[in-house]
Amino acid sequence: MTGLPIDSVLPQIAQKLVENTSLVLQAPPGAGKTTGVPLHLLQSDWLGDNKIIMLEPRRLAARAAATRMAELLGEDLGETVGYRIRLEKKVSARTRVEVVTEGILTRMLQNDPELSGVGLVIFDEFHERSLQADLGLALCLEVQAALRDDLRILVMSATLDGQAVSRLMDDAPVITSEGRSFPVEIKYGKETERRNIPFDMADKIEEALAEEGGSILAFLPGVGEIKRVENLLLSKKTTTDIEVYPLYGDLPMAKQRKAIEPVGDGRRKVVLATSIAETSLTIDGIRIIIDCGFRRSPRFDPSSGLTRLETIRVSRASADQRAGRAGRLEPGICYRLWPESQNGALALQDRPEIQEADLCSLVLELLNWGATGPEELSWCTVPPKSSWKQAIELLRSLGAIDQSDHITDHGKNMSRLPVHPRLAHMLVRGREENAGWLACLIAALLTERDILQEGSAKTQTNLLVRIDAFTSKSKERGFKFDSYRLKQVKRTAEQYARALGVRPDTTFNTEHVGGLASLAYPDRIGKLRKNAVGRFKLSGGKGAELDELDPLASRPYLVMTNIGGAGASARVYQAIEVSESQIRKFHAESIVLEDRVRLDDLKGVFLGEEVERCGEVILKATRVKEPDQEAIKQEILTLVRGRGLTILEPDADFEHLCHRVISAGALAQKTDWLDFSEAGLISSLESWLLPYLDSVTTFKALQALDFKSILLSFLGWDKRQFLDENFPSRIELPTGNTARINYVDPKLPILEVRLQELFGLSVTPSIFGGRIPLRLHLLSPARRPLQVTSDLAGFWANTYHEVKKDMKGRYPRHYWPDDPLIAEPTSKTKKNMNKARR
DNA sequence: CTCTCCCT
């Protein structure tokens, strides 16, 4: 272990930790910190008989770090150095350095908040800012402050954000180390306009193959782009003697392995990868990196409770990490598809996961820990309020917390299981229903990667097909499963079964799958909409859609086990049929019976119904003869709130009045005014609309109401008086005609008028006692726009003479006087003007 | 037009 950059700072690290219980180490890749630091600190006096725990963000990294350290000591794994990751551990009573994945630490803390026997916790790769690492650090700081003032915490980070972490840890000292890697030459794209990622990437790969020797690793955002680049490369003549390998997480294991292995007989390799190759995998023999500059990233939307994927720009840190992959063994080269001038537009760091992710598990962990809110702990980044609130609501609906947000016994049972709280709820309830093993299988299938192989059925959304892989039925159907993943799912299910205390079972009843899944997703029970194949209304209130040709698309009830997408209607990626009786059985306490009124869209009549519903899903509706008028009135308000004022089909007068009132409020700067914007009127529906609904029983009658008059009386006499005097609806023109003032722009009332009608008028027409001049849109006799001005006198003096020349040619029968100020205003032709005089 | 990790 000689000659690593970290060696020169190791004594300093050890010495600082004698007096300080917290320390930050900044060391770039190649410094040797992951193996050097724990082994060196093992000799510290303060450690005594206690252990060192080191956190790694990935299982692969944990196993590798432990293996290297054991090698350096000349020992086997599990002696002085061991590791613990999910489903696998190599530790013994002698073990002094335990490398664990981040989630394991949370588990350790929940079991023993004092972390007995642990002297030092090291957070490796903290710059990645995973949710688990942020949570782990917050909890460790709490332990240090409240229970264990001798516990030492060392945060190791590759990038220069150490100061922020240091402040969080009571201004802990920061030690910086050099790194070591081979130089990587960066080549930027040209400033010229680019087309799209796949085209640009294929061109750049061709260019790099011609310019440079060695194999290429190209970073693309996702599977779609990878497939397109692959096709483009195959169609190019210059790229025939290379091997192209896609590489992404959903690729079957065998194919992933092929992409990572070296190619034989000196052929060149082009690997098209997602960000999986940024940290998780190392590919043999790469000299050239090509970075498209984008990645796909999950983003949790607390309002829908869904996570959707976004294609976003990479951060500077991530681009540097990608480039660094070219300089692992020899000097390398990195082509970036963006011009250097755009570097400033990239964020320095990626947003920490805690800001982007579903916080349900984290919140349950903290409530179980005894915290009642996020403010009770010290965070690197405070969890967003909206995600916290959504998590609390979901946990309440799963019965994990009570009405006062305290964890229940059920919640405690849930938090012991190593799964998302949704699935934990399903497991615990499944066990109560004697379907524990089936619940474990479902949870494992929903947690691990899809076992169904691509191509065996183009888009197979049915969860039951996956369940059948574990029964004798699988052979009959001809679906192909990835055997590695199948094994993985089985191991995971067995882990859950151990944690739950149930036995694997071969005789489970697959009819219960839908019901069990509905426990995990009580907000995603979907009911098929009437006359709409593939479109479902979800119990949580949103909509969801399946391909019309999907066999599930016409089933009456589904549980959506995987949905994504934004907006009102989500895309269903995986679902399972559920029967009405299963919904009734598993959701008895949330099914309500109520009287309500519904608008029959076809007949336009309000009908009374007695309704049995589970969330927003109607299980049963029975007609009631005489609907209650109060209920009709409330239903009308609900309709308008949901669909907006447009369902009232308001006429132009109504809209004009609204604009006029808004404009008057803005221009006269009234403080005691009424809000006539759509949002404002919707929030005051009770005041202005409700009093007129006493005899409305049909939709037609509703639309026939005179909304303009209704709004005028809502406005009241004083305000209406002020409005008419200062912001009139129409204005009189010199001809004696009147013209409507356009108030659409609240700050700028407009008068559209034919130029000739203003002859003789020297002052710009105005409102509000002359304080607001109207913006004039002057029109030709055929009402074509000629000129826009707020200064009529200036127009007559200057522009008019040019306009006149043009107009005389085009409208010879009209009157175009040389001096418009003394001319007679008119809306007519010359002939008709004379007629009128006689 | 589905990223990628992770949980006694």
Side-chain angles (χ1 to χ4, degrees), chain A residues 53 55-62 84-89 91 98 100-112 115 125 128-136 196-198 219-228 247-251 256 273-281 294-300 306-312 314 318 350 352-354 356-358 360-362 364-365 368 414-421 423-424 427 443-444 447-450 452 454 458-459 461 488 491-492 495-496 498-501 547 562-566 570-574:
Chain A
I53 299 286
L55 267 58
E56 291 293 330
R58 280 166 292 281
R59 284 186 263 177
L60 204 70
R84 263 202 284 172
I85 59 181
R86 188 168 74 115
L87 299 172
E88 200 177 325
K89 66 175 177 183
V91 288
E98 223 176 86
V100 304
T101 37
E102 290 163 345
I104 302 262
L105 176 75
T106 318
R107 292 285 136 202
M108 292 169 73
L109 284 162
Q110 295 286 16
N111 285 338
D112 174 18
L115 280 181
E125 315 281 7
E128 290 190 18
R129 296 297 306 280
S130 74
L131 183 66
Q132 292 286 344
D134 273 19
L135 173 62
N196 65 37
I197 293 172
F219 283 101
L220 287 156
V223 178
E225 290 87 350
I226 287 176
K227 287 187 174 157
R228 257 170 289 154
L247 179 60
Y248 48 88
D250 263 339
L251 203 65
Q256 281 195 35
T274 61
S275 50
I276 191 173
E278 207 172 301
T279 49
S280 309
L281 297 173
F294 287 85
R295 70 184 169 101
R296 223 149 13 245
S297 170
R299 182 170 200 148
F300 180 70
L306 296 183
T307 298
R308 69 166 177 272
L309 292 171
E310 289 179 334
T311 305
I312 57 170
V314 296
S318 175
D350 290 318
E353 194 184 357
I354 202 167
E356 306 275 327
D358 175 4
C360 200
S361 292
L362 178 141
L364 184 61
E365 296 279 8
N368 190 40
M414 284 166 60
S415 79
R416 277 184 209 112
L417 298 169
V419 287
H420 189 282
L423 300 176
L427 290 175
T447 310
E448 299 285 334
R449 285 192 183 279
D450 197 355
L452 202 63
E454 249 178 303
K458 210 175 57 182
T459 48
T461 53
Q488 199 69 27
R491 285 182 66 196
T492 302
Q495 181 206 7
Y496 297 163
R498 275 194 302 278
L500 196 62
D547 192 303
N562 187 0
I563 52 178
R571 174 96 204 140
V572 178
Y573 298 117
Q574 196 185 77

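Sequence lines set the chain letters: A, B, ... in the order given, protein chains first and strands last, and positions in each chain run from 1. Just so it is clear, the values below take in all heavy atoms, side chains as well, and ignore hydrogens, waters and symmetry mates.
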A.B. asks: Can you name the side-chain hydrogen bond (donor to acceptor under 3.5 Å, both in side chains) partners of D112(A), sequence neighbours left out?
C.D. replies: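 Here the qualifying residues are S116(A).
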A.B. asks: Give the B/S/- string for nucleotides 1-7 of chain B, one per nucleotide from 5' to 3', where a protein heavy atom under 4.0 Å of the base yields B, of only the sugar-phosphate yields S, and otherwise -.
C.D. replies: BBBBSSB
A.B. asks: According to salt bridge (Lys or Arg N to Asp or Glu O under 4.0 Å), who are the partners of R498(A), at least two apart in sequence or on a separate chain?
C.D. replies: none
A.B. asks: Listed by chain and number, what are the side-chain hydrogen bond (donor to acceptor under 3.5 Å, both in side chains) partners of E353(A), not counting sequence neighbours?
C.D. replies: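 Partners of E353(A) under the side-chain hydrogen bond (donor to acceptor under 3.5 Å, both in side chains) test: none.
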A.B. asks: So, using side-chain hydrogen bond (donor to acceptor under 3.5 Å, both in side chains) as the criterion, who are the partners of E56(A) when residues are at least two apart?
C.D. replies: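 Residues passing side-chain hydrogen bond (donor to acceptor under 3.5 Å, both in side chains) with E56(A): none at all.
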A.B. asks: For R59(A), which residues count as a side-chain hydrogen bond (donor to acceptor under 3.5 Å, both in side chains) partner, sequence neighbours excluded?
C.D. replies: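 Once residues adjacent in sequence are excluded, R59(A) has no partner under the side-chain hydrogen bond (donor to acceptor under 3.5 Å, both in side chains) criterion.
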